[in-house]
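Presented below is the structure to which this report refers.
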Amino acid sequence: MSELEIQATVSARRPPRSRPTAVEMGSAVLAVLLVTAAIAPRLLAPGDPLAIDPTAAFGSPSLAHWFGTDESGRDIYTRVVDGARDSLLIGLAATVIGLGLGVVLGTIAGTLGARVDFTVNRFLEVLFAFPGLLLALLFILVIGPGPGTAIVAVGLSTAPGYARIIRAQLLRVRSSAFVEAATVQGLSRGRILTRHILPNTLAPLVVLGTLGVGQAIVWAAALSYLGLGAQPPAAEWGAMLSAGRTYITSAWWMSFFPGLFIVLTAVCATSLGRSVERRMRHA
Amino acid sequence: MGLDVIDYWIASNNATAAVPEPSTGETFLKRDNRMPRPGIVRSTPRPLTVALAAGAVALGLALTGCTAGSSVTGNDTPQKGGTLTYASGDAEPTCLDPHVGGNYPQALVSSQFLESLVSLDSDGTVIPWLADSWTVSDDGLTWEFTLRDGVSFTDGTPLDAAAVQANIAHLQDPATGSSTGYLALAKVTGTEAVSDSVVRLTLSQPDSALLESLSQPWLAIESATALERSQDENCAAPVGTGPFVVESWAKQNAITLVRNDDYTSPPADAAHEGAAYLESITWRFIPDSASRYAALQAGEVDVIDNAQPDTIAQASSSDSIVHLDAPRPGASNRIELNSGKAPFDDVAVREAFIRSTDVDAAVSSLFQGSAERSYSALSSVEPLGVSRPDLFEYDPDAAADLLDAAGWAEKDSEGYRTKDGVRLTVVFPVSTNQSIPAEQSLFEQIQATAKETGFDVQLTKLDLSSWYTALGSNAYDAVSAPYTKVGPDVLRILFDSSAIQPAPSGYFANHAQVNDPELDSLLAQANATNDADTRAALYADAQDIVLEGYYILPLYDQQNHFLLGSAVQGARALPTVSTPAFYDAWLKR
Amino acid sequence: MAEALTRVPLRFVARRLGGAVFVLWAVATLTFFAVRLIPGDPAEAILGGPGSQTSPEALAAVRAEYGLDQPVFVQYLSQLGRLATGDLGRSYALNMDVGALVLSQLGGTLLLAVLSLAVAWLFALLLATWSTGRGRLARQIGSGLEIIAAALPHFWLATTLIVVFSVWWGVLPPISTADARGLVLPVLTLAIPLAGFLGQVMRESLVAALESPFVLSARARGESERGVLWRHALRHAALPAISLSGWAFGSLISGAVIVETIFARPGLGRSLLNAVTVRDVPVVIGVVMVVALVYILMTILTDVASRLADPRTASIRTGAGG
Amino acid sequence: MTISDRPASGSPNASALRVRNLRVGFGHPGGDDAVSGVSFDVATGECLAIVGESGSGKSVTARSILGLAGSTARVRADELSLAGESVLGLSEPAWRRRRGRDVGLVLQDALASLDPLRPIVREIGDSLRLHTDLDPAERTRRVLEVLEAAGLPDPQLYAGRRSGELSGGQRQRALIAAALALDPPVLVADEPTTALDVTVQAQVLGLLERVRARGTAIVLISHDLAVVSRIADRIAVMHDGRIVETGTTNKVLTDPRHPETRRMLAAVPVDKPRFTRLAPATAVRDAGPPPRMTERPAAAAVTAAAPGPPAAIEAIGLAKTFRGPHGSAHQAVHEVSFRLARGSTLGIVGESGSGKTTTARLVLALTAPDAGEVRLLGEPWSALTEKDRRARRPLVGAIYQDVLASFDPRLSVREILQQAVAGPTPARPARTGSRGGAAAVAALLENVGLPSALLERRPAELSGGQRQRVGIARALASRPQVLICDEPVSALDVSVQAQVLDLLDELQRELDLSLLFISHDLGVIQHVSDEVAVMHDGRIVETGTATEVFTAPAHPYTRALLASVPRLV
């Protein structure tokens, strides 16, 4: 079981609730802000995230610098806003890779017969024996560190989880009563696959993807934190947090705000994913 | 990541490239005390030497050991007993015997239980340690060391000529896998036990750096009996003559060192005689700098190394933490510009780059007073260092003119200069293992200021092996690599043209790819002469060539800061490679 | 129905152990061939990396010593043979037996993981029991706390805990100590996010159980709310969390990479990170193998526990992946 | 020990339970009450049945008696007393002391009503633990006694098992035993026999009868008049939160006053001759001529050449064995042969596990038989490959028990029906064929009596009856000749069941359909079938016309089944 599977299981059990909760409302607002930051960071923070000002280094949060300044006098608020693009992009790209691999593996396992299913399953089992970060570290060991590697590594280590959810979903849909009903109606296997099985299998991927982006951002940040991710002076949150940690005893804001936004983004993604899922279920 | 500083002490493969030049006389070097030596700094942000009572400095052939003053800062009477906990941010050594390999983390810990034939005092003068005295023949090819009387290794075997022979053989045995010590002894071709207490070394060529080399912890003298054990055993618990003994080593956790009650061989500049005050030392490895400092604050540890600039600044305003600034010898920390390929094959572009980087402002803001800007190729503790502030002034206008003249007049849409459609790009791989965070931030600021002039500095953080690979494949325009060695001979390792070509292993030290026959010749002569003034002059000329050629952008000394809990008294850094020494230390609790 | 009496048949355990051997073999094979792809000469890595002095003779000697001059397939077979006898080889960088290294580091990591798992369980249970049956607001607070906890990155949480508990308040050491105090912050760091995950699962099934007819029946018998919770609902809430514990253990070992480094604890995670940084392939393989083994054993254990706890588990999910 | 007769405490007609003007509301105060003004008494040794459709408020009433209407419920009453003591406004701890001791509760689904993780000895023993000082050994002994009294033979064998390891009947007995452990004077039984097989249902009713006979007051909640009529002394009919009619069982059954009561009585299919309407006409569908559905698929013509009218479905020697995960084999169907004559209805009746559903799947060719063959309209059917069969699939429609699950959750009613109209090989995508498709969809919807306003809804948003109508409409879309109905009404209330049965009946006559009707409910089978096959343990033990089978059963099993059928007395 993976974090995603937990998230998926949890949301499946959640009772319907039509009125959006405070968390959902907050998440929606935050999501709009994050996407704005990613697309047009200058709208939210007009400054230059790379502009150094050594004389203003280590400034604590103030009216001029809401989140304080870093060791080079850069404005942390501007950098956090600017970092949304990189962090979201990394999260999205890793999720797309993980989800893509998961879809391929899961669909292969779920459609190509028992023997293929068995083989893919064993393969997934083996991948599962490398818990999360281990798989990512091993991949980085082989390919070498860097932002691209980090994305692929995170994607790769989430893929088995996706694959298993997709396979299970595929099998559930395939053996569902409505697929039987379609058979009784005389629909061909191909039409059943394309009209019923695949849409019903893949629709939850939107939810999975949303849930996954949050986790992927946390993971990618962990790799950046270990020095295996984004490159300077990129304002990627994990890298900022890692850099800020050095000064934790004298300038807590340097690591606090990037970390806060990693957490907020993950919370936002989880909460939105669940609410989308609920609404899809009851649409 | 947590491994803030892993200063792998890297050995060059080019040490043997010396110009044969017979030298005469056996003058030992005495220099002016231009720069402060490592000293204790209490509650002040600026390095300040305190109570440096220089001991007698021995000159000439016959030399007797003297007790030097020490840098004890407390006024109280030393108390015996107690366990000092030391927290190292350096990588945990893989072998405690510094003969094997030979890097700085090994030097840090082995200084507590191993001792060398000679040491340096705070002026950089060679002083006796395990060797009471030494002579050198006129041709500089034969050295005789007279060993101190009554010294035993902690396994009970005596320190004698045979033991020294065994150590040199051990260092020169390829099976040992020594790199640092092996290089330092490159010119030593034979050893002979003249008597029990006199050992003779025969050299193939004169080596003015021999005594400095022998003072390094990587050439410490170990028990011959112990060296005969398997390498695994020897790595786990080397046996020396030092004030402490390795009791146990729990990997990735701590090394436990206990007092050697029979200790008799303090260096000439130690503060007391007899056994150490401390009962034991717990030597821990805490890679995360924030945790390390927090542990010191919380009183969980007594001493930390690799202190970060902000914590040093904090410590200076705190009564409970004392700062010990001990810059390492050898090269200064500098950015080397790859003159072997475009764009830095053009001296004007190199100068333009140097002129367009505002290092002073960055150093003062990032290091908060804990580091002083360097304008020299050598560490400030190297007496022969030449400092040329005039060459490194921040002058973006001059830089722009230089670039315009050099053909980099166009600017692209992002504001970077171009020439024939090629962007003025500086690829700058950064080893996360060798550059502390503040230094990485410094590079980012250099990146930002250089951008204003039109340089596209591309910083890439790499782990050590990827970084080596980038260097080996000449895929860099600028790089910063630390190099620690006692004495100015380090210049030969870093700038001799023979050090451009990678060795079969891929490593080379001349990252600036300086290829200047005149420089090669100056360095070879300096290595071969035993005349102090000649040597100093030769090294001064050599440094001028390097600095005026804008091959390097000096930053500051190799940072080596220790923070001590207020209970720790009498600790100091050894003047050789600035490793901490706890022989005189005691705990005032 | 008689099958239920032999809920954990030996055959089941045997089949799972067989599966475990397969997975270990596959892990070994995968890592063996993966590390072939690492650029650079392993012999150089053994001799201390590209920065060290390596003569062709020394390289040749090392290649012969480590069997690197053999064809890949022969190396693979001999590696398998060694692994089968429990020999994990020799570290390139640490100059010691990987088996001995891993053994010396395993205890610390296991202690950390087991304690964290227990504490996470405790937190999740407390939060789940507190937030159910207290109305919509409590439920939302509980659920919000769980989502936030689950989103906390270990490295950030560790830093925050150190700042608060060690730097500001000075009550807990930021590093490992000989006594148990040094365990508190690392365990909290690992347990809090995990408690978020476990709590989500637990609370949802707790709510489901509390709304189920058997709870109504119990209430109709005069059972108190506490009795309903402890005798009925919590067991049901625990079931999914039990089957998650295998996964949780894996994620804890992942987390140990960061936590052990920050808190200066000896352990497998720190060994792995060091080994990856210096490309110490045998240590990487050794740690991966041991982690895989521990993970598989944990999954089998949790499956057996699930089976014991829940007689309805007619057929256990197949696969060591749990 | 057996359950002893209750010592006569007070007069024989003493009111064990008295409810006056009970009002229960949920949500906003001032909103509609789920129960408004319900009053009744139950005397010692009396059984009062509260009967009503889903949502009539009967369960809320029942739970209010135990103070279990839920934390969000606002319960008010003029009087609510158990054994003469008012329980109105009791604190929760005070309620707890009474529950189980003064009043017991039996719920519908025994599988879910006993904690599946605990052995039943513990579940039953809980009442004793909570209300007595008995030590564990004594409790166990008492539990065994109660289990035995509840008619569970060999209680020692079963006491250690959990609910999942018991059969349906055993479970229900255990549940009743749990409620009776302390012999409470009042027992509330909420749909205690729903979803049980008839024979088990009869046994459970018998047990309740015995409980009543020795002096316990029983409140029996059900939607099925026939079930309660057997043991209820009096019946209260609930509708929209009120009791619309009360009276002795005999009076209510023979002389119903309220239209709701009459409707419920009419809806009971048992002993109603075939083609009798069970529901008022307006409830089925709007009046008006049924749309003409004259064209038949060409496949029907092929059968013309066969000598004599071929059977719509002919099953010959069907057998099917399933392999369990551990190599165990379960033979679901043995040697099953039957013949469904064209235009008629064949009812297959049997209890759970008798092989009915497997038979349905074999007939639908969703499962291949191990032996034997199914022929459709005289042509091979099960022997065909799926590819060949596909063209003939439109001849066979299917209606399912869990109709909601048989709809793709992504599709609206319109899309479901469009797809069904388009058939297996649409000449063009359904989108472009909207005109012809839309007309056909509208006709189908009208046919099953659904308003077109429902077209854009998804099945999940419909009521149970509406869903089943959509299911029927879908089955009819391909203009089939044969309909396979697998428990089509089992999940429905009796009154909705009546409407659906009426609809099927009408459609059969209009469209000349042949129906294979599978159910566990003998009443339904008796009402809808021309011929009946009784299945038991995977075999057909008896076949015949409905009249033959129901009036003169030949096989002992059939006789046992018939004896168990709840009838309106």
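Every chain is numbered from 1 and lettered A, B, ... according to where its sequence line falls, protein lines coming before strand lines.
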Are any side-chain N or O atoms of D:R410 and backbone N or O atoms of A:N200, one a donor and one an acceptor, separated by less than 3.5 Å?
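Flag not set: sc D:R410 to bb A:N200 has no pair under 3.5 Å.
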
Holding to salt bridge (Lys or Arg N to Asp or Glu O under 4.0 Å), I want the full list of residues that pass it with A:D117, two or more places apart in sequence or in another chain.
A:R167

Please enumerate all residues that pass salt bridge (Lys or Arg N to Asp or Glu O under 4.0 Å) together with A:R189, with sequence neighbours excluded.
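Salt bridge (Lys or Arg N to Asp or Glu O under 4.0 Å) list for A:R189, sorted by chain: empty.
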
Heavy-atom distances under 4.5 Å only: say whether [X] touches chain A with side chain, backbone, both or neither.
X: D:L411; answer: side chain
X: D:R389; answer: neither
X: D:F407; answer: backbone

Would you compute the distance between atom [atom1] of [X] and atom [atom2] of [Y] and round it to the nearest 0.5 angstrom?
X: D:S406; Y: A:E180; atom1: OG; atom2: CD; value: 10.0 Å
X: D:R390; Y: A:L187; atom1: CZ; atom2: CG; value: 8.5 Å
X: D:D402; Y: A:F178; atom1: CG; atom2: CZ; value: 12.0 Å

Residue selection (most heavy-atom pairs with chain A, distance under 4.5 Å) from D:L404, D:L364, D:L366
D:L366

Side chains of A:T183 and D:E386, heavy atoms from C-beta outward: is any pair under 4.5 Å?
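Counting from C-beta outward, A:T183 and D:E386 do come under 4.5 Å.
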
